[in-house]
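Written below as structure tokens is the structure these notes are about.
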Amino acid sequence: MVNVDFSAYKGLIFDLDGTLIDSMPWHTKAWQQVCAEHGFSIDPDLIYKLGGMASRGIVQLFKDEGKNVGDIDEFTNRKIELYRQNIDKVQLFEPIFQILKDAKARGQKCAIGTGTQRINAEDIVKKRHLTALIDAIVSSDDVKKHKPNPDTFLKAAELMGFKPEECLVFDDGPVGLAAARAGHMDCVEVLNGECINFFKNA
């Protein structure tokens with residue numbers, strides 16, 4: 001655990017996939033299947049490196065590389081369909097969940113800032129009984145500029161009623177950490193449900 005006083009912030013913002021929930025294996029499986037259906041394969045590590053990026057953006061990257069994705073929206077929707085077949089199996093990362101619960105017990109506000117679709121985020125919140133703990137959700141459907149742009153986290157701070165510098169972001173991927181820094185927000189890097197690094201807003 002990093003040496004950070006979480007209580008010093010008015011609001012905490014949590015990325016969802018790979019940070020609060022252990023969903024990346026299921027996302028990766030879905031990506032591998034839909035890519036195989038289109039006649040190409042991907043390195044699973046790539047999906048982890050792109051964690052936080054909206055699905056449509058990842059498909060656009062594949063297309064830009066010359067891969068046969070066909071219609072971008074159809075490809076994206078198929079990936080989402082495959083992931084949602086396993087959404088009931090997705091579990092919380094207990095250490096990060098504990099940080100969330102402790103924050104609410106102290107009276108802090110907490111938000112989710114995610115690159116996933118709103119339907120996925122809301123389903124996870126309901127299925128894992130997080131509704132009373134989450135004050136705001138910002139999904140890929142709620143911003144035009146996705147991570148690594150800061151809009152997701154800035155909107156989450158705004159919805160909680162706080163300035164960016166009054167919030168702390170938790171994220172597991174380079175894309176999300178870059179988004180937090182672009183928004184001039186302190187952030188904690190998460191790996192396998194553990195806080196491993198702290199980055200102070202310069």
For a quick test of reading the model, state the closest non-hydrogen atom pair linking [X] to [Y] and the distance between them.
| X | Y | value |
| --- | --- | --- |
| Ser140 | Gly115 | CB-O, 3.2 Å |
| Thr114 | Asp15 | CA-OD1, 4.1 Å |
| Phe6 | Val188 | CE2-CG2, 4.3 Å |
| Cys110 | Leu133 | CB-O, 3.7 Å |
| Pro174 | Lys49 | CD-O, 3.8 Å |
| Met24 | Gly51 | CE-CA, 4.4 Å |

Is [X] reaching over with its side chain to a backbone N or O of [Y], donor-acceptor style, under 3.5 angstrom?
| X | Y | result |
| --- | --- | --- |
| His38 | Val69 | yes |
| Lys127 | Val90 | no |
| Lys109 | Asp135 | no |
| Thr116 | Ala121 | no |

Is there a side-chain contact between [X] and [Y] (heavy atoms, below 4.5 Å)?
| X | Y | result |
| --- | --- | --- |
| Pro164 | His184 | no |
| Lys144 | Asp151 | no |
| Cys195 | Ile96 | yes |
| Leu130 | Leu20 | yes |
| Ser55 | Trp31 | yes |
| Ile112 | Ile124 | no |
| Cys187 | Phe153 | no |

Test: ring pair (Phe, Tyr, Trp, His ring centres under 6.0 Å). Region: residues 87-133. Which pairs qualify, not counting sequence neighbours?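 Residue pairs passing ring pair (Phe, Tyr, Trp, His ring centres under 6.0 Å), neighbours aside: none found.
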Are [Y] and [X] co-members of a hydrophobic cluster defined by side-chain heavy atoms under 4.5 Å apart?
| X | Y | answer |
| --- | --- | --- |
| Leu16 | Phe170 | yes |
| Leu46 | Val34 | yes |
| Ile58 | Ile80 | no |
| Leu92 | Ile87 | yes |
| Leu12 | Val4 | yes |

To the nearest 0.5 Å, what is the distance between [atom1] ([X]) and [atom2] ([Y])?
| X | Y | atom1 | atom2 | result |
| --- | --- | --- | --- | --- |
| Arg56 | Gln117 | CZ | CD | 11.5 Å |
| Phe14 | Ile99 | CZ | CD1 | 6.0 Å |
| Ile21 | Trp26 | CD1 | CH2 | 12.5 Å |
| Asn120 | His27 | CG | NE2 | 6.5 Å |
| Glu65 | Gln60 | CD | CD | 11.0 Å |
| Leu50 | Asp45 | CG | CG | 11.0 Å |

Tell me, yes or no, whether the heavy-atom count around [X] atom [atom1], taken from other residues, nucleotides or ligands under 6.0 Å, exceeds 12.
| X | atom1 | value |
| --- | --- | --- |
| Lys101 | NZ | yes |
| Lys67 | NZ | yes |
| Lys29 | NZ | no |

Charged N to carboxylate O under 4.0 angstrom, Arg118 versus Asp142?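 Yes, charged N to carboxylate O under 4.0 Å.
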Just checking, is any N or O donor in the side chain of [X] or [Y] under 3.5 Å from an acceptor N or O on the other one?
| X | Y | answer |
| --- | --- | --- |
| Asp73 | Thr76 | no |
| Asn77 | Glu81 | no |
| Asp186 | Tyr9 | yes |

Can Ile13 and Met160 be said to form a side-chain contact (heavy atoms from CB on, under 4.5 Å), step by step? CA-CA 10 Å; Ile13 304 172; Met160 290 190 292; 3.6 Å; yes
So is Lys79 actually on top of Tyr83's ring, under 6.0 Å and inside 45° of the axis? yes
